[in-house]
> 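This is the structure I have questions about; it appears just below.
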Amino acid sequence: MKRSEINAALRAAQAMLDGFSWSLPSWGHWTASDFAASPHGASYFRSRQLGWDVTDFGLGRFAECGLTLFCLRNGITGQDGERTYAEKLLFVEEGQLTPTHRHKAKMEDIINRAGGTLVIEFSATNPVGDLSEEEIIVPVDGIDRRLKQWQPLELTPGESVTIMPGLYHRFYGKPGNGPVLVGEVSQVNDDRTDNFFLEPVGRFSDIEEDEPPLRPLWNEGAA
């Protein structure tokens, strides 16, 4: 993924935040120089995977299959005294797919915070982890919704769904409805070890440096 594409995604995310009157903490605007000037803060943020994250899942088609995220709070899994919860913002464009994946450890709420309509599709698995056509039940704001395999669930602003560990899911912004500002509230999150994709994709992108970075990404050594 080119750095210019990442920078464009970060600018689009900031424009979405501005448009919906959402504010980031001050360190959400730090440059590489700011991280260098605060090594303790940089180490704290990076060890907890906090900050910006832009990925095309190694496919080179960010507009079609990609995601921009900002992790606001998180802990370190398995470490006493750390947060046991996490919170993220996800910036989802119309038709921009986050590919099918599941988490073995993380339960999460996905919340449409503002904007267009978020579409989520699910598949159950059998005991050995293969896809199953079994009916799926997911709580939408606490009320069970019964779905068939890959049946689209549409979340309008303010609505949320709880996704249990092991449940395959994929999501995108409904075309024609505008981009979506999505919230994620979950158990403590480790993006390096708890993302299991159905297809062979990569969680993080290799970066081609065609211009200076606007913001460091948490996974590229901001410390």
> How far apart are the C-alpha atoms of Trp27 and Leu50, what are their side-chain angles, what is the distance that settles it, and do they pass the side-chain contact (heavy atoms from CB on, under 4.5 Å) test?
CA-CA 10 Å; Trp27 53 268; Leu50 301 175; 3.8 Å; yes

> Is there a path of hydrophobic side-chain contacts, each under 4.5 Å between heavy atoms, that joins Ile111 and Val161?
no

> Would you say Ile120 ends up clustered with Val201 if hydrophobic residues are merged whenever their side chains have heavy atoms under 4.5 Å apart, either directly or through other cluster members?
yes

> Got more than 12 heavy atoms from elsewhere within 6.0 Å of CG, Asp144?
yes

> With ring centroids as reference points, do Phe91 and Trp22 lie under 6.0 angstrom apart?
no

> Indicate, with yes or no, if Val138 and Met164 share a hydrophobic cluster defined by side-chain heavy-atom contacts under 4.5 Å among Ile, Leu, Val, Met, Phe, Trp and Tyr.
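Different hydrophobic clusters.
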
> Does some side-chain heavy atom of Gln151 sit less than 4.5 Å from a side-chain heavy atom of Glu121?
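A side-chain contact under 4.5 Å is absent here.
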
> With distance as the sole test, does Gln96 use its side chain to make a donor-acceptor pair with the main-chain N or O of Phe62 at under 3.5 Å?
yes

> Would Lys88 and Phe70 count as a cation-pi pair here, with the cationic atom under 6.0 angstrom from the ring centre and within 45° of the axis?
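Checked: cation-pi criterion not met.
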
> With rounding to the nearest 0.5 angstrom, report the CD to CD distance, Glu108 to Glu184.
4.5 Å

> Measure across Trp52 and Gly28 and return the closest heavy-atom pair with its distance rounded to 0.1 Å.
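Distance-wise, the nearest heavy atoms are NE1-O, 2.9 Å.
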
> Any side-chain heavy-atom pair from Arg113 and Val182 closer than 4.5 angstrom?
no

> Give the intermediate values and the outcome of side chain to side chain donor-acceptor pair (under 3.5 Å) for residues Gln49 and Asn219.
CA-CA 7 Å; Gln49 304 178 28; Asn219 60 298; over 6 Å; no

> Whether the side chain of Asn74 engages the backbone of Asn189 through a donor-acceptor N/O pair (distance < 3.5 Å, no angle test) should be reported.
yes

> Check the pair Asp191, Asp53 against side-chain contact (heavy atoms from CB on, under 4.5 Å), reporting the backbone distance first and the verdict last.
CA-CA 10 Å; Asp191 268 322; Asp53 181 356; 4.3 Å; yes

> In sequence, state the C-alpha distance, the side-chain angles, and the governing distance for Glu154 and Lys174, and then conclude on salt bridge (charged side-chain N to carboxylate O under 4.0 Å, His left out).
CA-CA 8 Å; Glu154 295 190 357; Lys174 185 176 181 178; 3.2 Å; yes

> Does any N or O in the side chain of Ser47 come within less than 3.5 Å of the main-chain N or O of Ser43, such that one atom is a donor and the other an acceptor?
yes

> Within this structure, what is the CD-CD distance for the pair Glu208 and Glu5, rounded to the nearest 0.5 Å?
8.5 Å

> Let me confirm one number: the CG-CD1 distance from Leu167 to Ile163, rounded to the nearest 0.5 Å.
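Leu167 atom CG to Ile163 atom CD1 measures 6.5 Å (nearest 0.5 Å).
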
> Between Ser160 and Asp141, is any side-chain donor less than 3.5 angstrom from a side-chain acceptor?
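A donor-acceptor contact under 3.5 Å links the two side chains.
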
> Can you check whether Phe57's main-chain N or O pairs, donor with acceptor, with Thr55's side chain at less than 3.5 Å?
yes

> Is the His169 ring parallel, tilted or perpendicular to the Phe122 ring (thresholds 30°, 60°)?
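Tilted.
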
> Is it true that a side-chain atom of Asn112 and a backbone atom of Gly116 form a donor plus acceptor pair closer than 3.5 Å?
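Judged by distance alone, yes, a pair lies under 3.5 Å.
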
> Working to the nearest 0.5 Å, report the span between CG of Asp34 and CZ of Arg215.
8.0 Å

> Can you check whether Lys104's main-chain N or O pairs, donor with acceptor, with Asp194's side chain at less than 3.5 Å?
yes

> Mind listing the closest non-hydrogen atom pair of Thr68 and Ala9 along with its distance?
OG1-CB, 3.5 Å

> Is the gap between the ring centers of Trp30 and Phe45 under 6.0 Å?
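Yes, they do, as the ring centres are separated by less than 6.0 Å.
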
> Within the side chain of Asp210, is there an N or O that forms a donor-acceptor pair under 3.5 Å with the backbone of Lys2?
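No; zero donor-acceptor contacts below 3.5 Å.
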
> Side chains of Thr117 and Asn177: do they bring a donor and an acceptor to under 3.5 Å?
yes

> Okay, side chain of His103, backbone of Pro165: is any donor-acceptor separation there less than 3.5 Å?
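No, the answer is negative, given that no donor and acceptor are paired below the 3.5 Å cut-off.
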
> Counting C-beta onward and ignoring hydrogens, is there a side-chain heavy-atom pair between Lys148 and Ile136 closer than 4.5 Å?
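Heavy-atom side-chain distance check fails, nothing below 4.5 Å.
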
> So do the side chains of Glu135 and Leu147 get within less than 4.5 Å of each other, counting heavy atoms only?
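Side chain of Glu135 against side chain of Leu147, heavy atoms only: no contact under 4.5 Å found.
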
> Report the relative orientation of the aromatic rings in Phe197 and His101; use parallel for angles under 30°, tilted for 30 to 60°, perpendicular for over 60°.
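Phe197 and His101: tilted rings.
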
> If you define the side chain from C-beta out and look only at heavy atoms, does anything of Leu89 sit under 4.5 Å from Leu181?
yes

> So, for Arg170 and Pro99, which heavy atoms are closest and what is the spacing to 0.1 Å?
CB-C, 4.0 Å

> Pairing donors with acceptors under 3.5 angstrom, does anything connect the side chains of Glu211 and Asn7?
yes

> Could you tell me if the side chain of Tyr172 sits less than 4.5 Å from the side chain of Thr98, heavy atoms only?
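Thr98 vs Tyr172: side chains apart.
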
> For a 4.5 angstrom cut-off between non-hydrogen side-chain atoms, does Ile76 reach Val188?
no

> Evaluate the criterion side-chain contact (heavy atoms from CB on, under 4.5 Å) for residue pair Asp56 and Arg61; output intermediate values, then yes/no.
CA-CA 6 Å; Asp56 64 359; Arg61 307 190 310 272; over 6 Å; no

> Within the side chain of Glu220, is there an N or O that forms a donor-acceptor pair under 3.5 Å with the backbone of Leu217?
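Yes, because the side chain of Glu220 sits within donor-acceptor range (under 3.5 Å) of the backbone of Leu217.
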
> So, Glu94 side chain and Gly178 main chain: donor-acceptor pair closer than 3.5 Å or not?
yes

> If you count every heavy atom of other residues, nucleotides or ligands that lies below 6.0 Å from Glu134 atom CD, does the total exceed 12?
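No.
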
> Check whether the ring centres of Trp150 and Tyr168 lie less than 6.0 Å apart, and answer yes or no.
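Judged by ring-centre distance (under 6.0 Å), Trp150 and Tyr168 do not meet the cut-off.
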
> In Å, rounded to the nearest 0.5 Å, how long is the span from CG of Asp130 to OG of Ser123?
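Going from the CG atom of Asp130 to the OG atom of Ser123 covers 10.0 Å.
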
> Assess the residue pair Glu64 and Leu97 against the criterion (side-chain contact (heavy atoms from CB on, under 4.5 Å)); give the C-alpha distance rounded to whole Å, side-chain angles, the decisive distance to 0.1 Å, and a yes or no.
CA-CA 6 Å; Glu64 301 171 32; Leu97 178 70; over 6 Å; no

> Heavy-atom distance under 4.5 Å between the side chains of Met1 and Val54, does that happen here?
yes

> What is the minimum heavy-atom distance between Gly115 and Pro157, and which atoms define it?
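Shortest heavy-atom contact: O-CG, 3.3 Å.
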
> What distance do Leu17 atom CG and Ser23 atom OG have between them, rounded to the nearest 0.5 Å?
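Between Leu17 CG and Ser23 OG, I get 8.0 Å after rounding to 0.5 Å.
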
> Does one hydrophobic cluster hold both Val92 and Met16, with members joined at side-chain heavy-atom distances below 4.5 Å?
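Different clusters: Val92 never reaches Met16 through Ile, Leu, Val, Met, Phe, Trp or Tyr contacts under 4.5 Å.
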
> Side-chain heavy atoms nearer than 4.5 Å, only ILVMFWY residues, links allowed to pass through others: does that put Ile110 and Leu153 together?
yes

> Mark yes or no: Arg46 above the aromatic ring of Tyr44, with NZ or CZ under 6.0 Å from the six-membered ring centre and no more than 45 degrees from the axis.
no

